[in-house]
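Reviewing the structure listed below.
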Protein chains: 4
Amino acid sequence: MKKPTKLTTRSAPSAGAAAAALGAVPASNRTARAQERRAAIVDAAMEEFISRGFAATRLDDIAKRAGVAKGTIYLHFKDKESMFEELVRIVIVPVVARLTALPPPTGSVRDLIEAFAGNFLKEVIGTRRGDLVRLIVAEGPRFPAVADFYYREVVSRGIAAMRALIELGIARGEIREKDLARYPQIVVAPAMIAVIWQSLFERHAPLDAQEMLRVHLDLIFGERRTT
Amino acid sequence: MKKPTKLTTRSAPSAGAAAAALGAVPASNRTARAQERRAAIVDAAMEEFISRGFAATRLDDIAKRAGVAKGTIYLHFKDKESMFEELVRIVIVPVVARLTALPPPTGSVRDLIEAFAGNFLKEVIGTRRGDLVRLIVAEGPRFPAVADFYYREVVSRGIAAMRALIELGIARGEIREKDLARYPQIVVAPAMIAVIWQSLFERHAPLDAQEMLRVHLDLIFGERRTT
Amino acid sequence: MKKPTKLTTRSAPSAGAAAAALGAVPASNRTARAQERRAAIVDAAMEEFISRGFAATRLDDIAKRAGVAKGTIYLHFKDKESMFEELVRIVIVPVVARLTALPPPTGSVRDLIEAFAGNFLKEVIGTRRGDLVRLIVAEGPRFPAVADFYYREVVSRGIAAMRALIELGIARGEIREKDLARYPQIVVAPAMIAVIWQSLFERHAPLDAQEMLRVHLDLIFGERRTT
Amino acid sequence: MKKPTKLTTRSAPSAGAAAAALGAVPASNRTARAQERRAAIVDAAMEEFISRGFAATRLDDIAKRAGVAKGTIYLHFKDKESMFEELVRIVIVPVVARLTALPPPTGSVRDLIEAFAGNFLKEVIGTRRGDLVRLIVAEGPRFPAVADFYYREVVSRGIAAMRALIELGIARGEIREKDLARYPQIVVAPAMIAVIWQSLFERHAPLDAQEMLRVHLDLIFGERRTT
DNA sequence: TATGAATGAGGCTTCATTCAT
DNA sequence: TATGAATGAAGCCTCATTCAT
């Protein structure tokens with residue numbers, strides 16, 4: 001992070017106290033407003049970057065969508081490039097946090113992976129977050145910092161976690177293919193493909209991602225016996 | 001840059017040869033030169049678009065790299081957009097043509113798919129053609145014409161061909177998972193992931209795509225018995 | 001150049017005054033400045049378009065002359081074409097407004113027309129407004145919108161007004177030639193010719209427009225008896 | 001004239017003789033062809049300059065319309081500017097020549113002027129030549145050479161001739177208004193206005209130029225008694 | 001802090017002119 | 001002579017960034 005968030009800084013005593021006295025927000029109005037604006041900018045920027053790519057996105061449009069003046073953006077971000085880089089962090093960090101704080105692994109490995117797939121299906125594929133993945137694929141080469149961050153925070157962790165699951169699956173005899181632990185990418189691949197497919201080819205040929213992932217899990221774990 | 005480029009070379013050997021191969025006649029020098037130039041522009045544009053994306057690529061740079069004047073580009077392409085769209089066609093069409101004219105399918109389905117994977121490995125993953133795939137993923141949403149073309153010429157055909165192979169594999173008993181024929185994407189997914197991985201994360205964690213694809217095929221066909 | 005121009009002046013007195021006259025409020029300095037700039041651009045553009053014609057005029061030169069940056073022009077006008085079209089409106093509207101609010105028609109028809117000719121002489125012939133007329137003649141065919149506007153606001157009204165005067169003159173017995181009311185253009189023609197003559201042939205043979213118009217009126221009304 | 005016409009120069013002896021032997025043209029084929037091309041270029045250029053103005057006319061379009069290659073134009077004209085200047089000369093000279101060699105002035109002055117007006121009506125108003133006049137009005141200020149030439153060859157002569165006629169008319173008692181001789185422009189003005197009107201406002205309000213000119217002559221000569 | 005008018009570098013594109021064939 | 005591909009200067013316009021209010 002290049003810029004510390006202003007959350008706990010500079011709470012204007014007078015104005016802040018007044019606001020507190022009125023019983024609205026605990027934090028100073030000043031700061032609260034600023035945070036709202038910042039969030040609005042982040043949301044708007046996300047939207048624009050996703051639908052136009054980095055280079056084709058205009059700060060004017062971001063400002064308009066966020067309901068702020070163009071100059072305001074520069075109160076929160078150094079410039080367009082670092083805005084983009086911070087953006088990816090800002091959006092991804094909470095997602096990673098949530099995934100890291102996963103429920104304790106109980107039940108079969110297939111159940112675990114299925115649960116994970118279910119989440120992914122609901123929260124990523126076909127959503128704005130899915131488009132973010134495509135955006136990173138698109139801009140990664142021109143933004144090494146973004147690629148680095150994404151690899152470090154998401155990919156490497158995801159791969160590691162998946163590898164652990166696979167090894168567990170192998171140990172428990174749920175997974176037959178022992179080499180799979182060396183390439184957790186294989187397990188994740190169809191989910192990624194689904195993300196990309198929705199962005200590019202949905203209108204050519206809709207893809208039932210859920211069913212595809214099920215078939216893929218059947219391939220890995222063997223067909224599920226009807227319980 | 002993975003491949004050395006023809007920065008200021010005037011007679012691009014490969015392109016020149018290709019052009020010469022097309023016309024039976026010695027071809028008036030005039031025309032031959034024009035073809036060379038066009039090829040040089042195509043190569044240069046490819047390179048630039050891949051490494052910077054559509055919007056961030058400057059025609060000036062393409063011209064410089066191709067060793068022609070800026071205006072010359074406009075003798076061959078209407079504008080930047082249609083250059084990009086034509087480019088994708090120009091590069092992809094011969095690839096599709098080559099793949100369409102495949103050798104007669106003999107041997108086991110696994111052998112066939114393995115052969116195909118081998119080709120893909122050699123000709124796409126980690127090459128400029130692979131980068132082109134990433135470029136299409138990146139720019140597709142802003143270039144419907146490109147996405148359409150790519151779906152029509154590459155994706156739909158690839159999926160159809162793969163489906164046929166899978167069905168053959170099922171019929172012959174090589175493939176157990178019957179639902180696989182409904183989602184040929186699953187078979188292709190790791191190859192696509194490999195393409196993207198090379199573009200984005202190679203320097204973070206090199207991926208042995210060949211071995212990964214082998215493991216994936218083992219997953220589908222069962223482990224190969226040592227011959 | 002017939003009139004000295006406000007090359008790099010920042011506060012164009014006349015324009016500024018005009019702007020101030022419009023808004024009752026002291027008008028935030030911001031807005032006032034913007035209006036000044038706009039006026040400066042309009043003046044500069046007028047000057048350039050008149051002396052070079054539409055196609056040969058460079059926005060760079062307009063900006064330089066107006067003392068603003070190139071981009072500033074685009075805060076006020078969509079593009080070069082619509083700037084030109086708006087310009088004609090901007091300059092002509094107040095003139096028409098002034099003429100429409102004419103003094104009550106008293107005295108002889110000849111006096112009226114003479115008064116009108118006097119105004120025309122002072123305010124149009126040999127002035128920048130006269131050059132504008134020539135500019136419209138020059139660019140009209142390529143700017144139908146301009147020709148339309150000019151016909152609607154100036155020509156058709158002028159012809160109608162002149163026809164009314166002629167009919168009055170005929171009714172009062174001041175004008176003998178009855179068919180003149182069918183072609184008010186005849187009455188106006190020498191004035192127009194004077195405008196064009198000043199633009200093109202002044203240096204070859206100066207034309208005493210005032211005297212010419214007098215002779216023309218003598219032709220129409222008969223020679224004036226020495227009062 | 002900056003470039004001597006190639007009419008009598010360089011008649012390739014051999015080819016020329018051969019052509020002559022065949023009995024076709026007396027001049028060499030070479031030269032004849034060149035002249036044809038030159039004429040085609042002149043026609044095409046006229047057309048384009050008239051409909052687009054100098055700056056907006058592209059040599060490409062002239063070449064296309066003339067059926068020659070772009071380079072060929074440069075074999076006949078030094079550059080775009082001098083082409084334009086020569087063009088005006090080329091087109092106007094024969095017209096002037098024809099008018100200079102007028103029929104011997106017989107009959108009344110009114111008849112003479114009426115005859116002239118008739119010619120003007122037929123040959124100028126509403127024709128390409130009329131548009132040429134508008135073109136000169138449009139481009140004159142930027143092409144002093146053109147304005148000079150036009151003044152010298154057409155305007156001054158026309159004015160002089162008209163003045164002579166007016167004086168004759170006054171001497172013969174046909175024209176009452178004696179001062180008219182000082183401003184022959186007055187006599188010509190409606191004809192010029194008609195030219196401009198046709199170019200600009202024909203679609204808004206068609207003008208019966210013939211009738212207007214008749215009324216104008218009535219104004220000058222008094223209404224014609226029915227013969 | 002917030003604004004948005006102003007800036008001007010930089011990109012795309014056009015087109016007069018050249019020159020090898 | 002004639003061609004037209006090639007050139008590159010120059011123009012229009014956009015948009016990230018600044019800064020006075």
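Order of the sequence lines sets the chain letters (A, B, ...), proteins ahead of strands, with each chain counted from 1. Since the model is a prediction, treat every value here as computed from it, not as a measurement.
- Using a 4.5 Å heavy-atom threshold, the side chains of Phe77(B) and Glu85(B) count as separate.
- Checking dT3(F), dT13(E), dT1(E) against every side-chain atom of Leu75(A), the shortest atom distance belongs to dT1(E).
- Closest contact between the side chain of Tyr74(A) and the listed nucleotides dT18(F), dT7(E), dG11(E) involves dT18(F).
- Residue Leu59(B) contributes atom CG, which lies 20 Å from atom P of dG11(F) at whole-angstrom precision.
- Not a single donor-acceptor contact under 3.5 angstrom links the side-chain atoms of Lys70(B) to the base of dT7(F).
- Between Phe77(C) atom CZ and dA5(E) atom P there is a gap of 15 Å when expressed in whole angstrom units.
- Using a 4.5 Å heavy-atom threshold, the side chains of Thr57(A) and Phe84(A) count as separate.
- Between the C1' atom of dG11(F) and the CZ atom of Phe84(C) lies a distance of 18 Å, rounded to the nearest Å.
- We find that CG of Asp60(C) is positioned 11 Å from P of dA9(E), with the value rounded to whole Å.
- Judged by closest nucleotide on DNA chain E, Ala34(C) is the one of Asp79(B) and Ala34(C) placed further toward the 5' end.
- Comparing Lys80(C) and Ile73(B), the nucleotide of DNA chain F nearest to each residue sits closer to the 5' end for Ile73(B).
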Test salt bridge (charged side-chain N to carboxylate O under 4.0 Å, His left out) applied to Arg142(D) and Glu139(D), step by step = CA-CA 5 Å; Arg142(D) 261 149 296 151; Glu139(D) 307 288 355; 3.0 Å; yes

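- Rounded to an integer number of Å, the gap from Arg38(A) CZ to dA2(E) C1' is 16 Å.
- When the side-chain nitrogen and oxygen atoms of Arg58(D) are compared with OP1 and OP2 of dA16(E), none of them lie within a distance under 4.0 Å.
- When the nucleotides dA2(E), dG4(E), dT7(E) are ranked by their closest atom to the side chain of Ala69(A), dG4(E) comes out on top.
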